[in-house]
Amino acid sequence: MNNLYNLWQSSGIAQASSGQVLMLVICLFLLFLAIRKGFEPLLLVPIGFGGLLANIPGAGMAFSATEYAIRHGDLTLLTQMATVLQLQEWSSAQDLLAALNGASFQQLESLKTLAFSAGYNNGMLYNFYNVAIASGAAPLIIFMGVGAMTDFGPLLANPKTLFLGAAAQFGIFATVLGAVALNATGLMDFTIADAAAIGIIGGADGPTAIYVASKLAPDLLGAIAVAAYSYMALVPLIQPPIMRALTNEAERKIVMTQLRHVSKLEKIVFPISLLILVALFLPDAAPLLGMFCFGNLMRECGVVQRLSDTAQNALINITTIFLGLSVGSKLEADKFLDPKTLGILVLGIVAFGIGTAAGVIMAKLMNLVSKQKINPLIGSAGVSAVPMAARVSNKLGLEADPQNFLLMHAMGPNVAGVIGSAVAAGVMIAMVTSMAT
Amino acid sequence: MNNLYNLWQSSGIAQASSGQVLMLVICLFLLFLAIRKGFEPLLLVPIGFGGLLANIPGAGMAFSATEYAIRHGDLTLLTQMATVLQLQEWSSAQDLLAALNGASFQQLESLKTLAFSAGYNNGMLYNFYNVAIASGAAPLIIFMGVGAMTDFGPLLANPKTLFLGAAAQFGIFATVLGAVALNATGLMDFTIADAAAIGIIGGADGPTAIYVASKLAPDLLGAIAVAAYSYMALVPLIQPPIMRALTNEAERKIVMTQLRHVSKLEKIVFPISLLILVALFLPDAAPLLGMFCFGNLMRECGVVQRLSDTAQNALINITTIFLGLSVGSKLEADKFLDPKTLGILVLGIVAFGIGTAAGVIMAKLMNLVSKQKINPLIGSAGVSAVPMAARVSNKLGLEADPQNFLLMHAMGPNVAGVIGSAVAAGVMIAMVTSMAT
Amino acid sequence: MNNLYNLWQSSGIAQASSGQVLMLVICLFLLFLAIRKGFEPLLLVPIGFGGLLANIPGAGMAFSATEYAIRHGDLTLLTQMATVLQLQEWSSAQDLLAALNGASFQQLESLKTLAFSAGYNNGMLYNFYNVAIASGAAPLIIFMGVGAMTDFGPLLANPKTLFLGAAAQFGIFATVLGAVALNATGLMDFTIADAAAIGIIGGADGPTAIYVASKLAPDLLGAIAVAAYSYMALVPLIQPPIMRALTNEAERKIVMTQLRHVSKLEKIVFPISLLILVALFLPDAAPLLGMFCFGNLMRECGVVQRLSDTAQNALINITTIFLGLSVGSKLEADKFLDPKTLGILVLGIVAFGIGTAAGVIMAKLMNLVSKQKINPLIGSAGVSAVPMAARVSNKLGLEADPQNFLLMHAMGPNVAGVIGSAVAAGVMIAMVTSMAT
Amino acid sequence: MQESLLGQGLDLMVYGMGTVFVFLAVLILVTFAMSKLVVRFFPEAPAQVKTIKSTSRKPSSAVDPRTLQVIRAAIQQHRARRSR
Amino acid sequence: MQESLLGQGLDLMVYGMGTVFVFLAVLILVTFAMSKLVVRFFPEAPAQVKTIKSTSRKPSSAVDPRTLQVIRAAIQQHRARRSR
Amino acid sequence: MQESLLGQGLDLMVYGMGTVFVFLAVLILVTFAMSKLVVRFFPEAPAQVKTIKSTSRKPSSAVDPRTLQVIRAAIQQHRARRSR
Ligand code: NA
Ligand code: NA
Ligand code: NA
C-alpha cells in the first residue's frame, strides 16, 4: 500500500504546480506556431519540446544535481547545504533555492559535491545546456554553419550597404535604453546585463542572441530566444507597415543598378580581411565573427568542400537539436514565468520595429548624399533575419513596380546585419562585463 | 638489456591473465556471430571490438586513472590511496581495487586527484563510457533516432494492440522474480537493483536495457547488453516454438481486417499526447519516452526534415559507434567473468520466452471479450525487437495461410512493446531507487 | 571619455605584441599555402585559421581561465595565485605564467578555482583543444576514419612490402638522434620527450604525429603538426631527387608481377589478426592501431555499412574541423615563436628524407636475397603520406618506363607505413614515459 | 531496507506490471479519443489533403527535395566551374 | 558600480552604436580597397582561371577517386542484391 | 634519469627500430599464414559466396532505398564531372 502511495506521490498530477501546467500549455502553443504556422520550425520545434520536457512535474530534467537535491533531499542534507550557503534562518527548500543565486563558485562546488555524494545527478537537459550553451560552443558552431551558408557576393558588389546593416542595429541599443526605462518605472527589475541581453533581440539573429544571453543573463535566455525566433518568423507582419509609413511611392519605385560580378578571389579574401579587422579593432567580437568567417572561408576557398558540406549539414543539424533542447530547458516554469518575460516580449518587438525604421531612414539619408540611389525598402533588410527580411523588401518592391526585383540588392544589407549584430554583441559583452566589476 | 626486459615486461603475453585471454576469445566469437551470422551487427561489431580493446593486457583502455594507478603505481602511491580508503590492512593492489566498490563520492574524488597528480590518465574506453553511457546521453540519443524511424500508423489504426505490448512486458517482471529466486538459492548474489536491470533484457530493446543497466547495475552492463542484443538476433529461433505451442491451427489462420488509413494530423498529435500522459502519470519515464516522442515528432511534423534526417543517420550512427565501444569496455575480464554473467544469460532467454508467451496469451484473452478477432501470432511481437518479432509473426502466419499477411498488424504491438518497455524501465528505476535508500 | 579610453585599450592594436603580429602573418601564409598551393588543405585551412584566432590580441581564445586571469587579473588575485604557486618573489604576470609550467596537478586545480571564482572562463579554442586533443579522442577518431578508408588489398597480396613500411620508419628514429645531437650543440634545449615527438614527423602521418605530440610534448604540438602536414604536401618535391640518387635506370624499370586477387574473408580477418598481435606484443600501440583496425573492420565486414559511411564522412569531417582549430590554438605566439620551432622544421624535413632513403635502400636489400624483384621506387612509399607517396612512386616509374604502373604496388608499403608509424609511436610513448619517471 | 529481497521483487512485479497496464490502457483511451476528434474536426478532405500533403510531402519525400537541391546546387557549381 | 543604470544604458548606446558604425565604415573602406586590388592585380582572366583551376582541382580531385570508389562499391552492392 | 640524453636517444633508436622490424616481421608471417589458411579452407567458391551474401544482406537491406538513391545521385555527379 505504501508503494501505491509512493507511486501516486511520484506521479506528475500530484506534483504539478500551476506554473508547470501553464508552461506546458505555452510550449504546446509554441509547437503549434512552429508546425502549423511555420514559425522558424528548425529551432522552435526543439525549443518547444525541450520546454515540455523541462516542465514535466517531478522529472527535474532541467535541474542540476544541486537543485534536484534541494527539492527532494531530506532534512540532514538540506541542513548541510544551508551551512554551506551560510544561511542562518531558513524554513523551506525555497529559501535554499533562492540562496543559490547569490552563492559563490566555491559554495556551488561544495553543494555539487554534497548532492552527488547523496546520489543525485544532473538532469539530462541540464547536461545538454552545460555542454551546448554554457560552454558557448553551440551558438558558435551554428554561426560557423551560417557562415558556410552565406554568400557575401551581393555585399561585395555594393559594400555601401554595410551602412544599412549598421543603422539597423540601432534597434538593439534603443531597446537597451527601453529596458533601463522600464526599470526606472519600478515595474521590472532589470540590471544593465539584462538590458543588454534583451536588446540583442533586435539583432534578429538567433545564435547571436543566445550567445549574448548565455554570457550576460542566463536566466532570461529562454524568453530571449523564444522572442528572437518568434519575431524573426513575424518579420513579414512586423516590417511592411513601418516600411510603408516611412517611404513614398516614388522612393519605393527606385530601380537599382545591377550588381557587378564578384570574383572568386574577392570572396576568399573578404572573410580573412574581416577577421583581421576584428583582430585589430574589436577582439571582443572575435569568437562570433571568427567562427562566422571560418565557415565562410571554408565555403569560398574551394579546397575543403567536405568540411564545408559537413558544417552546413550534419554538424549544424546535430548542434541545432541540442541547442534547441537546451534553450527549452530555460523554459522551466520558475525561470520563465516572471514579469520580466512580459517585458522581454514587449521590448523585443519594439526592438524589431526600431531596427527596421532605422534601416529605412539610413537608406534615405544615404540618398541625400550619394548619387547612386538606393531603394529605401532594402534598408529594412539590415536587421538581418536572413533571408526573411530580404524577401520582405523584395515583395514590397514588386508591389510598387512589378519589374523591380530587389532580392539580390537586399541580400547585401541582410548579411551586413549579421556582421553588425555580432559587432554589437561583442561591444556589449565587453562593456557590460567591465561595468559589472 | 634493462630496456629489453622492460619491453618484454610491457608486452601483452607477459601480462596476460587467463581471464583476459578467455575474454579475447569470447569477443572474437561475438564478432563471428555479428559478421557471419548477422547477429545485430550494428551493435555487436562495436561491442565485440570494444571488448577486444578492453582486454588487451597492459593497455588498460577501459580503466579509470584510479584503477590504472592502483595496478601500476608504486608503494608510496598505494599507501596514500589506502589511507584515503581508510584501509587498515591490505596486502596487494587487489585489496585496493576491491575497496573501490564501497568508496564514497569524496573518496573517489580524492583518489582521482592522487592518480592524476601521479601522471596517470583515464583510458580511452573509460572516457567514452563516461561521456556516452554514464551521462545517460547515448541511449537517449539513440532512442530519439529510433523515434524518428518509427511509424506509429499501424498502432494508431488499431490502438487495442497496445495491450499486447503491455502483456509482453510480463517477461521483464517475471525475470526480476527469477533473479530474486536465483539469489535465494545462494548460487548468486543479486541485489534488487541487479534483478531489475537483468529483467529489462526481457524488454527486447537495446537502448532501454543499456539505460536501465547504467543507472541500476553498471557492473552488469556488459553482460546485459550482450544478452539483450544476442537474444534479439535469436528471436526467429526463440519465438516460433512458443508461438506454435500456445496456438492451434484455427487461431493461426485468423484473418484480420485491413488497417484503416491514419491521417497525418493523428500522427503529429500522438507523440505529443503520449508525452503529456507521461508528464501527468509517469515522470520517471520522461527521459526515455520524452526523447522517443521528440524523435517521432520531428519525423511526423514535416517541418524539420533536416533534423529528422540527421537524427536517423549521422547522429544515430556516430552515437552507435561510441555506445558500442563503451559497452565493450564493460566486457573487461574482471567485470564480465563472474558467475552472475551466466545467471544473466539464462535469465535473459527465460525473459524472452515468458514475454513471448504472455503476448500470445493476452491476444487469446482479448479474443474472448472482443468481437474483432486478433490473430494471436501478433501477440509475440509485443516484446518489441523491432522489426524482427513482427517478421516472425508474419512468417508463422504465412505458414498457416499463405494469403494471410500479418506484418502490418504485428507492427502495432511491436512498437507498443517499445513504449511498454520504456514505461517498465521508468517504473523500475524509480521504485528501485526508493528501495535502495 | 573613460569608456572611449577603455574601448581603445581593449582594441587589438593597443594590445598587440610583435609576436602576435608575426604569427598572424605566418598563419596567413599557411592559409595561402593551403588554398593556393593545395598543401593538405583539409587540415591546414582549419589549423591556419585556428592560428589566426589564437593570436587575436586581447581575445585570449586559446587561453585557459587561469592564463587569462593571470594576464588580466588585479593585484589581489595575482597575489593569491602566487601564494598557491609558492612564489616568494615575483614582479610581473610573466613570472606567474612561467611558474605554471612547473606547477603540480593540485596547484593547477587551485588556480583554476581561483580563476573561475573571479569570473574568468576558458577560451573557446582552449576548450576545443581539451575536448579534442588533450583527451586523445580526435586523433583516434580520425585514425578510425582513415582505417575505414584504407584498402589493405595490395598489402595482403604482397605482405613482404611490410618490410618497406618498417624501414621507412628509420627516419623517425634518426631524427630523434638528430634532436638529441642538436641539444648537445647547446643551440636548443630538447628533452628526450621533445626529441621523440619531433621524430614522429618522419612518420608522415598527421593524426599519429598529433597524438604523440599531445602525449609527450604538448607545447611543441603546433609546430610538429604544421611541419608534418606541410612536408606531406611537399612529398612530390622532397622524394624524387632522393629516389633518383639512390636508384639506377635499370632498377627503376623493374616490372613487378601483377597482384593476386585478395578474398573478402582475408580482408576481414586481417584487421583482427593485427589487433591480436598488438594485444600480444605491443599493448602500448593499442589505442592508435586499435581504432585503425576497428575502422577497417567496419569497412570490410560488410554488415555495418551505415557506421562505416559515417566514420568516413560526417564523423571524420566534424572531428577534422575541431582538430584543426585545436592545433591552431597551439600556434599562439608565446608557444610557437621559439627557437625550437626552427629546429623542428629542419629536423622534420631531414626525417622525411631519411625515411625515403631507408625505404628505397631496404627495397634494394630485399632484391639481393629475394627472387621476386621489387622496384625500389616503391620503397619510398613506405613513409606513408597516403596516397601522395604512392603516386610519386608511380610517377617516377612511368618516367622510366611509360608502361610500368607502380601505383597499386606502392599502395602496399604505403599503408604498411601507417602501421609502422603507429607501432613506432606506441614504442616511443611507452619508452619515453618510463624514462621520464 | 526493511523488506526482504523477495518482498521487493514481488512489489516490483505487482506495481510495475500494474503501472504498465494502467498506463497503456489510459493511452489506448486517449488515442481513441484523439483519433475521433481529429477525424471529426480536422478530416483529411481531399482538397485539404492536398494542401496538407503538399506540406506533409516535404518530409515523406524525405530525402527527395534536399537531394534535388543538392543535385541542383551541384549542377550549378559544375556549370559555374565550367564557365569559369 | 559608480554610475546609475541610466548612465550605463546611455554609455552602451553611444559607444556601442559608435563602434558599430566606425567598424563597419572601416570595413567598407577595406572592402573597397581589397576589391580594387584584386580586380587590378588578380583579374579573372580566362588564362589565369585555368591555372587556378588546375591547382584548386587537385584537392577536389582528391575526392574524385573516392567518389568513384563509392560509386563502384555501391553498384557492386546493388548488383549483388539484385542477383539474390 | 640515470642515463644521458644521448644514451636515451640511442636506446630509443635501437629498441624502437628493433620493435618495428620484429613486429612487422611477425605480422608478415601471420598474414602469410592467415592467407594460406583462408585460401585453403574458405575459398571464395561462387556457391559459398552467395550464402555469405545472403546472411550479410539482412542488415544492409535496411539501407536499400537510400543506397540506391545515393548511387543514382553519385552517378549523376560523376557523369556531370566527366562531361565537364
Ligand atoms: Na542583425
Ligand atoms: Na519491449
Ligand atoms: Na609512416
Side-chain angles (χ1 to χ4, degrees), chain A residues 152 155-157 159-163 165-167 169-170 172-174 176-181 183-184 190-192 195-196 199 260-266 268-270 273-274 276-278 280-282 285 301-306 416 419-421 423-424 426-428 431-432 435-437, chain E residues 1-70:
Chain A
F152 278 120
L155 181 67
L156 286 167
K160 274 187 310 175
T161 54
L162 274 163
F163 273 131
Q169 309 314 316
F170 190 71
I172 293 178
F173 295 102
V176 173
L177 277 191
V180 166
N183 188 71
F190 291 125
T191 65
I192 189 69
R260 73 172 176 90
H261 170 75
V262 174
S263 79
K264 198 77 198 151
L265 186 55
E266 286 172 81
I268 295 176
V269 176
F270 179 73
S273 309
L274 175 52
I276 290 174
L277 279 188
V278 168
L280 295 184
F281 299 111
L282 208 64
C301 73
V303 290
V304 294
Q305 206 52 46
R306 284 177 69 111
I419 299 176
S421 301
V423 170
V427 175
M428 291 208 300
M431 287 186 71
V432 169
M435 283 171 180
T437 53
Chain E
M1 248 195 280
Q2 298 96 334
E3 298 177 78
S4 72
L5 192 63
L6 190 69
Q8 292 181 326
L10 280 172
D11 270 7
L12 261 191
M13 159 80 102
V14 173
Y15 295 106
M17 206 60 210
T19 308
V20 169
F21 258 104
V22 171
F23 186 84
L24 293 195
V26 174
L27 184 56
I28 291 177
L29 294 180
V30 169
T31 305
F32 265 121
M34 183 271 284
S35 285
K36 280 270 153 63
L37 287 174
V38 167
V39 171
R40 176 131 186 204
F41 295 107
F42 307 95
E44 273 192 336
Q48 205 201 348
V49 167
K50 269 176 192 161
T51 62
I52 290 181
K53 251 184 200 166
S54 65
T55 46
S56 76
R57 195 171 291 158
K58 232 174 255 157
S60 76
S61 74
V63 192
D64 246 340
R66 283 196 56 232
T67 309
L68 273 174
Q69 219 172 335
V70 168

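Please read these numbers as outputs of a predicted model, since none were measured by experiment. Protein chains get the first letters and strands the later ones, always in sequence-line order, with residue 1 at the start of each.
Nearest heavy-atom pair across E:M13 and A:F173 is SD-CB, 3.6 Å. In terms of heavy atoms, E:L24 sits closest to A:G165 at CD1-C, 4.3 Å. Summarising the geometry of A:L162 relative to A:L155, their closest heavy-atom pair is CG-CD1, 3.7 Å, with the distance given to 0.1 Å. Summarising the geometry of A:F190 relative to A:A179, their closest heavy-atom pair is CD1-O, 3.7 Å, with the distance given to 0.1 Å.
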Would A:E266 and E:K36 satisfy salt bridge (charged side-chain N to carboxylate O under 4.0 Å, His left out), going step by step from the backbone distance to the final call?
CA-CA 9 Å; A:E266 286 172 81; E:K36 280 270 153 63; over 6 Å; no
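When heavy atoms are compared at a cutoff of 4.5 Å, E:V39 approaches chain A solely by way of its side chain, counted from C-beta outward. Interface residue A:S273: only side-chain heavy atoms are found under 4.5 Å from chain E. For E:M17, the parts lying under 4.5 angstrom from a heavy atom of chain A are both the backbone and the side chain. Contacts between A:L277 and chain E at a heavy-atom distance below 4.5 Å involve backbone atoms as well as side-chain atoms. Contacts between E:V30 and chain A at a heavy-atom distance below 4.5 Å involve the side chain alone, from C-beta outward. Neither the backbone nor the side chain of A:S421 has a heavy atom closer than 4.5 Å to any heavy atom of chain E. Both the backbone and the side chain of A:A424 come within contact range of chain E, each with at least one heavy atom under 4.5 Å from a heavy atom of that chain.
Counted by atom type alone, E:S35 and E:R40 present zero donor-acceptor pairs between their side chains at under 3.5 Å.
The residue among A:G199, A:A196, A:A167 with the most heavy atom pairs within less than 4.5 Å of chain E is A:A167. For the set E:L27, E:V38, E:L37, the count of heavy-atom pairs under 4.5 angstrom toward chain A peaks at E:L27. With respect to chain A, the highest number of heavy-atom pairs below 4.5 Å among E:T31, E:L29, E:I28 belongs to E:I28.
In this structure, CG in A:L177 is found 7.0 Å from CG in E:L6, a value given to the nearest 0.5 Å.
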